[in-house]
Amino acid sequence: MNVYDSVKMGDLLKPHGFSLHDAPEGADMVILNTCHIREKASEKVYSELGRIRKEKERLQKDGSNMVIAVAGCVAQAEGEEIFKRAPFVDIVVGPQSYQNLPALLEEIKRKNSWAIDLDFHHEAKFDTMPEDSGSQGVSAFVSVQEGCDKFCHFCVVPYTRGAEFSRKVSDIMRETIRMIAMGAKEITLLGQNVSAYHGTSEDGSEWTLGLLIKHLVKLKGLERLRYLTSHPRDMTDEELFTVHATEEKLMPFLHLPIQSGSNKILQAMNRKHTREFYLDLIAKFRLARPDMAFSSDFIVGYPGETEEDFLDTISIVREVGYALCYSFKYSPRPGTPASALEHQVPEDVKDERLQRLQSVILEEQHKFNLQKVGMIMPVLFDKVGKKEGQIAGKTPYLQTVIIKGDVDMIGTTANVTITAAYQNSLTGVVVR
Ligand code: 5AD
Ligand code: SF4
(Lines give C-alpha, C1' and ligand atoms only; values in the text may rest on other atoms or scores of the structure.)
(Ligands and ions follow the chains in the order given, each with its own letter.)
Protein backbone atom coordinates (compact mmCIF):
# COMPACT_ATOMS: atom_id res chain seq x y z
CA MET A 1 0.00 0.00 0.00
CA ASN A 2 2.86 2.39 0.75
CA VAL A 3 4.47 1.64 -2.61
CA TYR A 4 1.16 2.45 -4.28
CA ASP A 5 0.70 5.64 -2.23
CA SER A 6 4.25 6.76 -3.03
CA VAL A 7 3.62 6.44 -6.77
CA LYS A 8 0.42 8.47 -6.32
CA MET A 9 2.24 11.21 -4.39
CA GLY A 10 4.73 11.43 -7.26
CA ASP A 11 1.89 11.72 -9.79
CA LEU A 12 0.19 14.34 -7.66
CA LEU A 13 3.28 16.58 -7.51
CA LYS A 14 4.20 16.30 -11.20
CA PRO A 15 1.95 19.20 -12.33
CA HIS A 16 3.63 21.31 -9.62
CA GLY A 17 7.03 21.04 -11.24
CA PHE A 18 8.42 17.99 -9.44
CA SER A 19 9.75 14.81 -10.95
CA LEU A 20 10.66 11.56 -9.24
CA HIS A 21 14.24 10.79 -8.22
CA ASP A 22 15.56 7.82 -6.35
CA ALA A 23 18.10 9.61 -4.13
CA PRO A 24 17.75 12.63 -1.81
CA GLU A 25 20.98 14.32 -2.99
CA GLY A 26 20.13 17.76 -4.38
CA ALA A 27 16.36 17.15 -4.18
CA ASP A 28 13.93 20.08 -3.80
CA MET A 29 11.72 17.88 -1.70
CA VAL A 30 12.05 14.58 0.14
CA ILE A 31 9.00 12.62 1.26
CA LEU A 32 9.48 9.80 3.73
CA ASN A 33 6.47 7.53 3.34
CA THR A 34 6.48 5.69 6.61
CA CYS A 35 5.22 2.47 8.22
CA HIS A 36 4.09 2.20 11.84
CA ILE A 37 3.20 -1.49 11.92
CA ARG A 38 6.18 -2.52 14.08
CA GLU A 39 8.51 -0.50 16.30
CA LYS A 40 11.55 -1.20 14.14
CA ALA A 41 9.93 0.29 11.04
CA SER A 42 8.81 3.32 13.04
CA GLU A 43 12.20 4.03 14.58
CA LYS A 44 13.90 3.87 11.19
CA VAL A 45 12.12 7.11 10.30
CA TYR A 46 14.15 9.16 12.76
CA SER A 47 17.51 7.73 11.75
CA GLU A 48 16.61 8.30 8.10
CA LEU A 49 15.53 11.87 8.91
CA GLY A 50 18.92 12.48 10.53
CA ARG A 51 20.64 11.55 7.29
CA ILE A 52 18.35 13.69 5.15
CA ARG A 53 18.80 16.63 7.51
CA LYS A 54 22.52 16.72 6.65
CA GLU A 55 21.69 17.03 2.94
CA LYS A 56 19.15 19.77 3.69
CA GLU A 57 21.78 21.72 5.65
CA ARG A 58 24.30 21.29 2.85
CA LEU A 59 21.81 22.68 0.34
CA GLN A 60 20.91 25.57 2.65
CA LYS A 61 24.58 26.51 2.95
CA ASP A 62 24.63 26.73 -0.87
CA GLY A 63 21.64 29.07 -0.79
CA SER A 64 19.00 26.55 -1.89
CA ASN A 65 16.59 24.52 0.21
CA MET A 66 14.92 21.15 0.61
CA VAL A 67 11.37 20.58 1.82
CA ILE A 68 11.15 17.53 4.07
CA ALA A 69 7.78 15.81 4.43
CA VAL A 70 6.92 12.85 6.64
CA ALA A 71 3.93 10.96 5.21
CA GLY A 72 2.22 7.68 6.06
CA CYS A 73 1.28 5.96 9.27
CA VAL A 74 4.11 7.26 11.49
CA ALA A 75 2.98 10.77 10.53
CA GLN A 76 -0.59 9.82 11.45
CA ALA A 77 0.38 8.26 14.78
CA GLU A 78 2.95 10.79 15.98
CA GLY A 79 1.58 14.01 14.46
CA GLU A 80 3.15 17.19 15.85
CA GLU A 81 5.54 15.11 17.97
CA ILE A 82 7.59 14.74 14.78
CA PHE A 83 8.26 18.51 14.65
CA LYS A 84 9.45 18.33 18.27
CA ARG A 85 11.85 15.46 17.65
CA ALA A 86 12.88 16.69 14.20
CA PRO A 87 12.26 20.46 13.93
CA PHE A 88 13.79 20.58 10.44
CA VAL A 89 10.76 18.66 9.06
CA ASP A 90 8.42 20.96 7.08
CA ILE A 91 5.31 18.85 6.43
CA VAL A 92 3.57 16.03 8.31
CA VAL A 93 0.81 14.36 6.30
CA GLY A 94 -1.26 11.26 7.10
CA PRO A 95 -2.11 8.44 4.66
CA GLN A 96 -5.65 9.75 4.11
CA SER A 97 -4.70 13.35 3.38
CA TYR A 98 -1.71 13.29 1.06
CA GLN A 99 -3.88 14.59 -1.79
CA ASN A 100 -3.41 17.94 0.01
CA LEU A 101 0.38 17.93 -0.48
CA PRO A 102 0.27 20.76 -3.07
CA ALA A 103 -1.78 22.90 -0.64
CA LEU A 104 0.59 22.07 2.22
CA LEU A 105 3.55 23.15 0.08
CA GLU A 106 1.80 26.49 -0.50
CA GLU A 107 1.05 26.79 3.21
CA ILE A 108 4.66 26.41 4.34
CA LYS A 109 5.72 29.07 1.83
CA ARG A 110 2.93 31.45 2.85
CA LYS A 111 3.40 31.08 6.60
CA ASN A 112 7.12 30.38 6.52
CA SER A 113 6.39 27.67 9.03
CA TRP A 114 5.55 23.98 9.11
CA ALA A 115 2.22 22.46 8.01
CA ILE A 116 0.28 19.38 9.06
CA ASP A 117 -2.77 17.45 7.80
CA LEU A 118 -3.94 14.30 9.55
CA ASP A 119 -7.60 14.30 8.57
CA PHE A 120 -9.32 11.18 7.29
CA HIS A 121 -10.99 11.94 4.00
CA HIS A 122 -10.94 8.71 2.00
CA GLU A 123 -13.47 9.82 -0.60
CA ALA A 124 -11.65 13.09 -1.29
CA LYS A 125 -8.34 11.26 -1.51
CA PHE A 126 -9.48 9.03 -4.35
CA ASP A 127 -11.51 11.75 -6.05
CA THR A 128 -8.53 14.10 -6.28
CA MET A 129 -6.07 11.48 -7.41
CA PRO A 130 -4.53 12.54 -10.77
CA GLU A 131 -5.96 10.76 -13.81
CA ASP A 132 -2.71 10.74 -15.76
CA SER A 133 -0.78 8.52 -13.36
CA GLY A 134 2.53 7.08 -14.52
CA SER A 135 3.29 3.49 -15.44
CA GLN A 136 3.98 1.01 -12.65
CA GLY A 137 5.48 -1.51 -15.07
CA VAL A 138 4.46 -5.07 -15.89
CA SER A 139 2.91 -5.73 -12.51
CA ALA A 140 0.79 -2.88 -11.16
CA PHE A 141 -1.20 -2.19 -8.01
CA VAL A 142 -4.70 -0.76 -7.95
CA SER A 143 -6.07 0.25 -4.57
CA VAL A 144 -9.69 -0.86 -4.16
CA GLN A 145 -10.20 -0.61 -0.42
CA GLU A 146 -8.54 1.08 2.53
CA GLY A 147 -8.68 1.05 6.27
CA CYS A 148 -9.87 -1.66 8.61
CA ASP A 149 -12.65 -2.20 11.15
CA LYS A 150 -11.30 -5.47 12.53
CA PHE A 151 -9.28 -4.06 15.46
CA CYS A 152 -6.98 -6.99 16.05
CA HIS A 153 -5.54 -6.21 19.46
CA PHE A 154 -1.94 -5.93 18.26
CA CYS A 155 -2.52 -3.75 15.20
CA VAL A 156 -2.27 0.01 14.57
CA VAL A 157 -3.90 -0.05 11.12
CA PRO A 158 -7.48 0.78 12.24
CA TYR A 159 -6.06 3.85 14.01
CA THR A 160 -3.61 5.04 11.34
CA ARG A 161 -5.50 4.16 8.15
CA GLY A 162 -8.93 4.69 9.65
CA ALA A 163 -12.28 3.01 9.05
CA GLU A 164 -12.94 0.60 6.21
CA PHE A 165 -13.69 2.31 2.88
CA SER A 166 -14.31 0.84 -0.59
CA ARG A 167 -13.62 2.71 -3.84
CA LYS A 168 -16.31 3.04 -6.49
CA VAL A 169 -16.34 0.31 -9.16
CA SER A 170 -16.10 2.83 -12.04
CA ASP A 171 -12.93 4.40 -10.56
CA ILE A 172 -11.30 1.01 -10.18
CA MET A 173 -12.23 0.04 -13.74
CA ARG A 174 -10.81 3.29 -15.12
CA GLU A 175 -7.54 2.98 -13.23
CA THR A 176 -7.11 -0.67 -14.19
CA ILE A 177 -7.72 0.10 -17.88
CA ARG A 178 -5.14 2.89 -17.67
CA MET A 179 -2.56 0.60 -16.07
CA ILE A 180 -3.09 -2.02 -18.80
CA ALA A 181 -2.76 0.66 -21.49
CA MET A 182 0.58 1.62 -19.93
CA GLY A 183 1.96 -1.92 -20.14
CA ALA A 184 0.68 -3.73 -17.05
CA LYS A 185 0.01 -7.41 -17.65
CA GLU A 186 -0.72 -8.23 -14.03
CA ILE A 187 -2.89 -6.24 -11.63
CA THR A 188 -2.95 -6.71 -7.88
CA LEU A 189 -6.04 -5.30 -6.20
CA LEU A 190 -4.95 -3.77 -2.91
CA GLY A 191 -6.66 -3.24 0.39
CA GLN A 192 -5.77 -3.62 4.06
CA ASN A 193 -8.82 -5.81 4.16
CA VAL A 194 -9.58 -6.42 0.49
CA SER A 195 -12.02 -9.27 1.16
CA ALA A 196 -14.30 -6.73 2.87
CA TYR A 197 -14.68 -4.87 -0.45
CA HIS A 198 -18.21 -3.53 -1.00
CA GLY A 199 -17.95 -0.75 -3.58
CA THR A 200 -20.82 0.99 -5.33
CA SER A 201 -21.36 0.14 -9.00
CA GLU A 202 -22.79 2.36 -11.77
CA ASP A 203 -26.39 1.25 -11.05
CA GLY A 204 -26.02 1.97 -7.35
CA SER A 205 -25.79 -1.64 -6.25
CA GLU A 206 -22.98 -2.86 -4.00
CA TRP A 207 -20.40 -5.20 -5.51
CA THR A 208 -18.40 -7.76 -3.58
CA LEU A 209 -14.77 -8.57 -4.38
CA GLY A 210 -15.87 -11.67 -6.30
CA LEU A 211 -18.19 -9.65 -8.52
CA LEU A 212 -15.52 -7.00 -9.10
CA ILE A 213 -13.06 -9.72 -10.15
CA LYS A 214 -15.65 -11.30 -12.44
CA HIS A 215 -15.82 -8.02 -14.39
CA LEU A 216 -12.13 -7.09 -14.27
CA VAL A 217 -10.97 -10.39 -15.79
CA LYS A 218 -12.90 -9.48 -18.95
CA LEU A 219 -10.55 -6.56 -19.64
CA LYS A 220 -8.51 -7.09 -22.81
CA GLY A 221 -4.76 -7.11 -22.31
CA LEU A 222 -5.01 -8.17 -18.69
CA GLU A 223 -3.25 -11.50 -18.21
CA ARG A 224 -3.17 -11.96 -14.44
CA LEU A 225 -5.23 -10.74 -11.53
CA ARG A 226 -4.41 -11.00 -7.80
CA TYR A 227 -5.73 -9.43 -4.60
CA LEU A 228 -4.14 -8.63 -1.24
CA THR A 229 -4.72 -8.87 1.84
CA SER A 230 -7.71 -10.94 2.98
CA HIS A 231 -9.12 -11.52 6.45
CA PRO A 232 -10.50 -15.06 7.04
CA ARG A 233 -13.67 -13.70 8.65
CA ASP A 234 -14.63 -11.83 5.45
CA MET A 235 -14.24 -14.75 3.07
CA THR A 236 -17.97 -15.35 2.91
CA ASP A 237 -18.49 -14.14 -0.66
CA GLU A 238 -19.60 -17.23 -2.61
CA GLU A 239 -18.79 -15.38 -5.84
CA LEU A 240 -15.11 -15.36 -4.81
CA PHE A 241 -14.97 -19.16 -4.65
CA THR A 242 -16.77 -19.30 -8.01
CA VAL A 243 -14.34 -16.93 -9.75
CA HIS A 244 -11.41 -18.93 -8.40
CA ALA A 245 -12.95 -22.05 -9.93
CA THR A 246 -13.83 -20.52 -13.28
CA GLU A 247 -11.55 -17.59 -14.12
CA GLU A 248 -8.16 -18.53 -15.52
CA LYS A 249 -6.82 -14.98 -15.22
CA LEU A 250 -7.39 -14.99 -11.47
CA MET A 251 -4.20 -16.48 -10.09
CA PRO A 252 -4.49 -19.59 -7.87
CA PHE A 253 -2.82 -17.89 -4.93
CA LEU A 254 -4.20 -16.39 -1.75
CA HIS A 255 -2.51 -14.40 1.00
CA LEU A 256 -4.58 -15.33 4.02
CA PRO A 257 -2.89 -14.36 7.30
CA ILE A 258 -3.75 -16.42 10.37
CA GLN A 259 -1.16 -14.87 12.77
CA SER A 260 -1.16 -17.81 15.20
CA GLY A 261 -2.15 -21.49 15.19
CA SER A 262 -3.42 -21.40 18.78
CA ASN A 263 -7.12 -20.79 19.40
CA LYS A 264 -6.30 -19.24 22.78
CA ILE A 265 -3.97 -16.70 21.16
CA LEU A 266 -6.33 -16.08 18.23
CA GLN A 267 -9.04 -15.20 20.71
CA ALA A 268 -6.71 -12.97 22.73
CA MET A 269 -5.72 -11.25 19.47
CA ASN A 270 -9.41 -10.55 18.71
CA ARG A 271 -9.02 -12.26 15.34
CA LYS A 272 -12.69 -13.37 15.34
CA HIS A 273 -11.92 -16.81 13.90
CA THR A 274 -10.52 -20.12 15.07
CA ARG A 275 -7.85 -22.41 13.67
CA GLU A 276 -10.59 -24.81 12.51
CA PHE A 277 -12.53 -22.04 10.72
CA TYR A 278 -9.33 -21.08 8.90
CA LEU A 279 -8.52 -24.66 7.89
CA ASP A 280 -12.09 -25.11 6.60
CA LEU A 281 -11.61 -22.04 4.42
CA ILE A 282 -8.39 -23.41 2.99
CA ALA A 283 -10.20 -26.67 2.20
CA LYS A 284 -13.03 -24.75 0.53
CA PHE A 285 -10.61 -22.86 -1.71
CA ARG A 286 -8.82 -26.11 -2.58
CA LEU A 287 -12.15 -27.62 -3.52
CA ALA A 288 -12.83 -24.70 -5.87
CA ARG A 289 -9.31 -24.70 -7.26
CA PRO A 290 -7.25 -27.81 -6.41
CA ASP A 291 -3.85 -26.22 -7.13
CA MET A 292 -4.55 -23.14 -4.98
CA ALA A 293 -1.44 -21.99 -3.08
CA PHE A 294 -1.46 -20.01 0.16
CA SER A 295 0.67 -17.55 2.06
CA SER A 296 0.27 -16.17 5.56
CA ASP A 297 1.61 -13.77 8.18
CA PHE A 298 2.58 -14.98 11.66
CA ILE A 299 3.29 -13.21 14.91
CA VAL A 300 5.37 -14.99 17.56
CA GLY A 301 5.58 -13.98 21.21
CA TYR A 302 2.11 -12.40 21.52
CA PRO A 303 1.45 -11.65 25.23
CA GLY A 304 0.60 -14.90 27.03
CA GLU A 305 1.93 -17.18 24.25
CA THR A 306 3.23 -20.41 25.82
CA GLU A 307 5.50 -22.99 24.23
CA GLU A 308 2.37 -25.08 23.59
CA ASP A 309 0.65 -22.19 21.78
CA PHE A 310 3.77 -21.65 19.74
CA LEU A 311 3.86 -25.33 18.76
CA ASP A 312 0.29 -24.90 17.45
CA THR A 313 1.67 -22.23 15.12
CA ILE A 314 4.43 -24.57 13.93
CA SER A 315 1.85 -27.30 13.32
CA ILE A 316 -0.43 -25.10 11.23
CA VAL A 317 2.51 -24.15 9.00
CA ARG A 318 3.12 -27.87 8.43
CA GLU A 319 -0.58 -28.66 8.01
CA VAL A 320 -1.32 -26.03 5.35
CA GLY A 321 1.93 -26.41 3.41
CA TYR A 322 2.32 -22.74 2.56
CA ALA A 323 3.99 -21.45 -0.58
CA LEU A 324 5.25 -18.37 1.26
CA CYS A 325 5.12 -16.96 4.79
CA TYR A 326 6.03 -13.76 6.58
CA SER A 327 6.80 -13.94 10.28
CA PHE A 328 7.36 -11.28 12.90
CA LYS A 329 8.15 -10.91 16.57
CA TYR A 330 5.26 -9.30 18.41
CA SER A 331 5.99 -5.59 18.70
CA PRO A 332 3.90 -3.65 21.25
CA ARG A 333 2.36 -0.65 19.51
CA PRO A 334 1.33 2.43 21.49
CA GLY A 335 -2.43 2.70 21.96
CA THR A 336 -3.28 -0.90 21.02
CA PRO A 337 -4.96 -3.14 23.65
CA ALA A 338 -2.23 -5.83 23.50
CA SER A 339 0.51 -3.39 24.43
CA ALA A 340 -1.07 -2.93 27.87
CA LEU A 341 -1.38 -6.68 28.58
CA GLU A 342 0.53 -8.43 31.29
CA HIS A 343 2.56 -11.55 30.47
CA GLN A 344 4.60 -9.93 27.72
CA VAL A 345 6.95 -12.57 26.31
CA PRO A 346 10.66 -11.87 26.97
CA GLU A 347 12.70 -10.75 23.98
CA ASP A 348 15.06 -13.75 24.02
CA VAL A 349 12.09 -16.15 23.92
CA LYS A 350 10.60 -14.21 20.97
CA ASP A 351 13.95 -14.37 19.17
CA GLU A 352 14.28 -18.08 19.69
CA ARG A 353 10.68 -18.80 18.58
CA LEU A 354 11.05 -16.64 15.50
CA GLN A 355 14.17 -18.53 14.48
CA ARG A 356 12.47 -21.89 14.95
CA LEU A 357 9.37 -20.77 13.05
CA GLN A 358 11.39 -19.33 10.20
CA SER A 359 13.34 -22.53 9.72
CA VAL A 360 10.06 -24.51 9.47
CA ILE A 361 8.66 -21.91 7.06
CA LEU A 362 11.73 -22.15 4.83
CA GLU A 363 11.53 -25.94 4.89
CA GLU A 364 7.87 -25.76 3.81
CA GLN A 365 8.60 -23.17 1.11
CA HIS A 366 11.40 -25.38 -0.19
CA LYS A 367 9.06 -28.40 -0.22
CA PHE A 368 6.45 -26.39 -2.12
CA ASN A 369 9.05 -25.22 -4.64
CA LEU A 370 10.49 -28.73 -5.09
CA GLN A 371 7.05 -30.00 -6.16
CA LYS A 372 7.37 -27.80 -9.24
CA VAL A 373 10.69 -29.21 -10.50
CA GLY A 374 10.22 -30.81 -13.91
CA MET A 375 6.90 -29.02 -14.48
CA ILE A 376 6.24 -26.55 -17.27
CA MET A 377 4.80 -23.32 -15.92
CA PRO A 378 3.78 -19.99 -17.43
CA VAL A 379 6.13 -17.31 -16.12
CA LEU A 380 5.46 -13.60 -16.46
CA PHE A 381 8.84 -11.85 -16.64
CA ASP A 382 8.92 -8.54 -14.82
CA LYS A 383 12.56 -7.58 -14.18
CA VAL A 384 16.22 -8.18 -14.87
CA GLY A 385 17.95 -10.73 -12.67
CA LYS A 386 20.76 -9.97 -10.23
CA LYS A 387 23.38 -11.49 -12.52
CA GLU A 388 24.22 -10.34 -16.05
CA GLY A 389 22.15 -12.12 -18.72
CA GLN A 390 19.43 -13.20 -16.28
CA ILE A 391 15.81 -12.18 -16.11
CA ALA A 392 13.26 -12.90 -13.38
CA GLY A 393 9.55 -13.52 -13.38
CA LYS A 394 6.72 -15.08 -11.42
CA THR A 395 4.78 -18.33 -11.65
CA PRO A 396 1.02 -18.24 -11.03
CA TYR A 397 1.87 -19.23 -7.42
CA LEU A 398 4.03 -16.13 -6.99
CA GLN A 399 7.30 -18.06 -7.00
CA THR A 400 10.28 -16.17 -8.42
CA VAL A 401 11.78 -17.90 -11.46
CA ILE A 402 15.21 -16.96 -12.73
CA ILE A 403 16.27 -17.87 -16.25
CA LYS A 404 19.00 -16.95 -18.72
CA GLY A 405 17.16 -14.65 -21.07
CA ASP A 406 17.02 -11.40 -22.94
CA VAL A 407 15.60 -8.20 -21.41
CA ASP A 408 13.23 -8.07 -24.42
CA MET A 409 11.29 -10.86 -22.72
CA ILE A 410 10.32 -8.59 -19.81
CA GLY A 411 6.60 -7.97 -20.02
CA THR A 412 5.94 -11.28 -21.76
CA THR A 413 4.79 -14.66 -20.48
CA ALA A 414 6.65 -17.81 -21.54
CA ASN A 415 6.35 -21.49 -20.69
CA VAL A 416 9.32 -22.48 -18.58
CA THR A 417 10.52 -25.94 -17.55
CA ILE A 418 11.53 -25.73 -13.91
CA THR A 419 15.00 -27.19 -13.45
CA ALA A 420 15.81 -26.50 -9.77
CA ALA A 421 14.11 -25.29 -6.62
CA TYR A 422 15.49 -23.33 -3.67
CA GLN A 423 13.88 -21.91 -0.54
CA ASN A 424 13.03 -18.58 -2.17
CA SER A 425 13.23 -19.13 -5.91
CA LEU A 426 13.23 -21.49 -8.88
CA THR A 427 15.40 -21.72 -11.98
CA GLY A 428 14.30 -22.91 -15.37
CA VAL A 429 14.62 -22.87 -19.15
CA VAL A 430 12.14 -21.55 -21.67
CA VAL A 431 10.30 -24.22 -23.65
CA ARG A 432 11.04 -23.62 -27.34
N1 5AD B 1 3.75 -6.80 15.97
C2 5AD B 1 4.22 -7.70 15.07
N3 5AD B 1 3.66 -7.90 13.87
C4 5AD B 1 2.57 -7.19 13.55
N5 5AD B 1 1.78 -7.16 12.45
C6 5AD B 1 0.82 -6.25 12.63
N7 5AD B 1 0.95 -5.65 13.84
C8 5AD B 1 2.03 -6.22 14.43
C9 5AD B 1 2.65 -6.05 15.69
N10 5AD B 1 2.20 -5.19 16.58
C11 5AD B 1 1.98 -8.06 11.33
C12 5AD B 1 0.78 -9.00 11.13
C13 5AD B 1 0.15 -8.43 9.89
C14 5AD B 1 1.37 -7.91 9.13
C15 5AD B 1 1.08 -6.93 8.06
O16 5AD B 1 2.14 -7.31 10.15
O17 5AD B 1 1.25 -10.30 10.92
O18 5AD B 1 -0.58 -9.39 9.15
FE1 SF4 C 1 -4.63 -5.05 11.39
FE2 SF4 C 1 -5.25 -6.84 9.47
FE3 SF4 C 1 -6.28 -7.09 11.97
FE4 SF4 C 1 -7.10 -5.09 10.35
S5 SF4 C 1 -7.38 -7.31 10.02
S6 SF4 C 1 -6.59 -4.91 12.51
S7 SF4 C 1 -5.19 -4.58 9.26
S8 SF4 C 1 -4.08 -7.26 11.34
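Just so you know, ligand 1 is whichever comes first in the structure, and atom 1 is the first atom listed for that ligand. Note that the structure is predicted; figures quoted are calculated from it, not measured.
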Which atoms of ligand 2 sit under 4.0 Å from any heavy atom of [X]?
{"X": "H231", "value": "5 (S)"}
{"X": "K150", "value": "4 (Fe), 5 (S)"}
{"X": "P158", "value": "6 (S)"}
{"X": "F154", "value": "8 (S)"}

Atoms in ligand 1 flagged as close to [X], the criterion being non-hydrogen separation under 4.0 Å:
{"X": "R333", "result": "10 (N)"}
{"X": "F328", "result": "3 (N), 11 (C), 14 (C), 16 (O), 17 (O)"}
{"X": "R38", "result": "1 (N), 2 (C), 3 (N), 4 (C), 5 (N), 11 (C), 16 (O)"}
{"X": "K329", "result": "1 (N), 2 (C)"}

Can you tell me if an N/O/S atom from C155 lies under 2.8 Å from atom 1 (Fe) of ligand 2?
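Yes - counting backbone and side chain alike, C155 has an N, O or S atom under 2.8 Å.
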Is [Y] paired with [X] through a side-chain N to carboxylate O contact shorter than 4.0 Å?
{"X": "R356", "Y": "E352", "value": "yes"}
{"X": "R318", "Y": "E363", "value": "yes"}
{"X": "E238", "Y": "K284", "value": "yes"}
{"X": "E347", "Y": "K350", "value": "yes"}

Going by atom types alone, do Y397 and Q371 pair a side-chain donor with an acceptor below 3.5 Å?
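Q371 and Y397 do not have a side-chain donor-acceptor pair below 3.5 Å.
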Of the protein's non-hydrogen atoms, which lies at the shortest distance from [atom], and what is that distance?
{"atom": "atom 2 (Fe) of ligand 2", "result": "R271 NH1, 4.4 Å"}
{"atom": "atom 1 (N) of ligand 1", "result": "S331 N, 2.9 Å"}
{"atom": "atom 4 (Fe) of ligand 2", "result": "C148 SG, 2.3 Å"}

Ligand 1 contact on I37 by region, counting heavy-atom pairs under 4.0 Å
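For I37, the contact with ligand 1 is made by both the backbone and the side chain.
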Side chain, backbone, both or neither: which applies to Q259 and ligand 1 if a contact is any heavy-atom pair less than 4.0 Å apart?
side chain
Expected output: side-chain [X] to main-chain [Y] donor-acceptor under 3.5 Å:
{"X": "Q365", "Y": "C325", "result": "yes"}
{"X": "N369", "Y": "A421", "result": "no"}
{"X": "R38", "Y": "F328", "result": "no"}
{"X": "S195", "Y": "H231", "result": "yes"}

Using ring centroids (six-membered ring only for Trp), state whether Y227 and H244 fall under 6.0 Å.
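Yes, ring centres under 6.0 Å apart.
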Considering both backbone and side-chain atoms of Y330, is one of its nitrogen or oxygen atoms within less than 3.5 Å of a nitrogen or oxygen in ligand 1?
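No; every N/O pair is 3.5 Å or more apart.
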Between F154 and ligand 1, does any nitrogen or oxygen pair lie at a separation below 3.5 Å?
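Min N/O separation from ligand 1 is below 3.5 Å for F154.
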Y322 pairs by ring pair (Phe, Tyr, Trp, His ring centres under 6.0 Å) with which of F298, F253, F368?
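Exactly one option meets the ring pair (Phe, Tyr, Trp, His ring centres under 6.0 Å) with Y322, and it is F298.
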Using heavy atoms and a threshold below 4.0 Å, how should the contact between F151 and ligand 2 be classified: side chain, backbone, both, or neither?
backbone
Under 4.0 Å from ligand 2, counting heavy atoms only, is it the side chain of P257, its backbone, both or neither?
neither
Hey, does F83 have a side-chain heavy atom less than 4.5 Å from the side chain of V92?
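Side-chain contact under 4.5 Å: yes.
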Pick, from D297, T336, I258, the option with the minimum heavy-atom distance to atom 14 (C) of ligand 1.
D297
Strictly under 2.8 Å, is any N, O or S atom of C152 next to atom 3 (Fe) of ligand 2?
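C152 does place an N, O or S atom closer than 2.8 Å to atom 3 (Fe) of ligand 2.
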